[in-house]
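Both counts, for ligands and for their atoms, begin at 1 and track the order of listing. Since this is a predicted model, take the numbers as computed values, not measurements.
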Amino acid sequence: MSRTIGILTSGGDAPGMNAAIRAVVRASIAKGFKAVGIRRGYQGLIEGDMYEMNARDVSDIVQRGGTILYTARSKKFMTEEGLDIAKENCDKFGIDSLVCIGGDGTFRGALDISKKGVKCIGIPGTIDNDIACTDYTIGFDTALNTALGMIDKIKDTEMSHSRCSVVEVMGRRAGHIAVNVGVATGATEVITVEKEFNLAETCQKMLEQKKTGKRHFEIVVAEGVGHSEDIGAYIQEHTGIETRVTILGHVQRGGAPTCTDRVMAARMGCYAVDLLANGLTNRVVALKNGHLVDYDIVEALGMRKNYDEHLHNLLSDLSL
Ligand code: F6P
């Protein structure tokens, strides 16, 4: 039976991480365990930067973006020496279990420290929704709605000036944000790494639509594709339509989490503590068809994420 549960957030932050921290801390205490917050992810574990958390330490954070435990990407943790120091600190603070909130890199770290004898559970938290074993990652819905709000505003001015807007949204390796906000904001085209694209055809389509009276256009580009400025320049050159490029950037990682993210964080956080209470280790919490399940970390890391091609293909009917 676990006695002391360490909690950390690692990799890129995501709205809803605080709600997940709160859930893990409160569920741990409710089950009679001690909760220890580790600052700056695995780096804090190496530096022994941690403190016991009580129920009040997580008051008033459910609605806040970012992570009160801070986050980092630790190179030292990837070394044998770093892992040994981290394990020593776990022993020093009596930590026998860890709940690690983040993405694939976070889960790889959890796997490494679990080999030293620390029980680990991963909770998926990243705005990209790019973790293969789960349909949903904490932060995705908030990021979608942030990007949506920004694009709605861009469309007001794009419409007034009869321009084309190229908007780059986050997603280093994945186009899930792009395709969802593209459909939700009525984009002319969405460009992602998962699906082949042809800019010449896009320009042709825009010119045909212009002939039918369409006056303004929106192209959503996933960050992983890159070259948004070049894409904008190409479109302007080949259509003659004045084009502006906006890179939304880190604004998408901030802000108060939506209801969906808060509820998901609560569910996943409690589920993670239940797994530890039942003596399980090396598991990743995942949402599958609306239900929480869990996978072995190695199995989870070996999965491939599906891209919603069907959603992407709807654009050809919707953007006329
Ligand atoms: O993992 C989420 C994410 O926001 C990606 O979409 C993006 O490419 C990356 O993090 C940016 O990371 P950083 O904040 O280190 O620049």
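Atoms of ligand 1 lying under 4.0 Å from at least one heavy atom of Arg73, given by number and element, are 12 (O), 13 (P), 15 (O). Listed by number with element, the atoms of ligand 1 under 4.0 Å from a non-hydrogen atom of Gly171 are 6 (O).
Of the protein's heavy atoms, Glu223 OE1, 3.4 Å lies nearest to atom 7 (C) of ligand 1. The protein heavy atom nearest to atom 5 (C) of ligand 1 is Asp128 OD2, 3.3 Å. The protein heavy-atom contact nearest to atom 16 (O) of ligand 1 is His250 NE2, 3.4 Å. The closest protein non-hydrogen atom to atom 10 (O) of ligand 1 is Arg253 NH1, 2.9 Å.
Ala187 approaches Leu315 most closely through the heavy-atom pair O-CD2, 3.7 Å. In terms of heavy atoms, Val273 sits closest to Lys31 at CG1-CD, 3.9 Å.
Taking any N or O of Met170, backbone or side chain, none lies under 3.5 Å from an N or O belonging to ligand 1.
Summarising the geometry, atom NE2 belonging to His238 is positioned 12.0 Å from atom OG1 belonging to Thr202; distances are rounded to the nearest 0.5 Å.
Ring planes of His176 and Tyr307: tilted class, angle from 30 to 60°.
Within the 4.5 Å cutoff, the side chain of Thr134 has no heavy atoms near those of the Lys288 side chain.
Using a cutoff of 4.0 Å between basic side-chain nitrogens and carboxylate oxygens, Glu80 and Lys116 are scored as salt-bridged.
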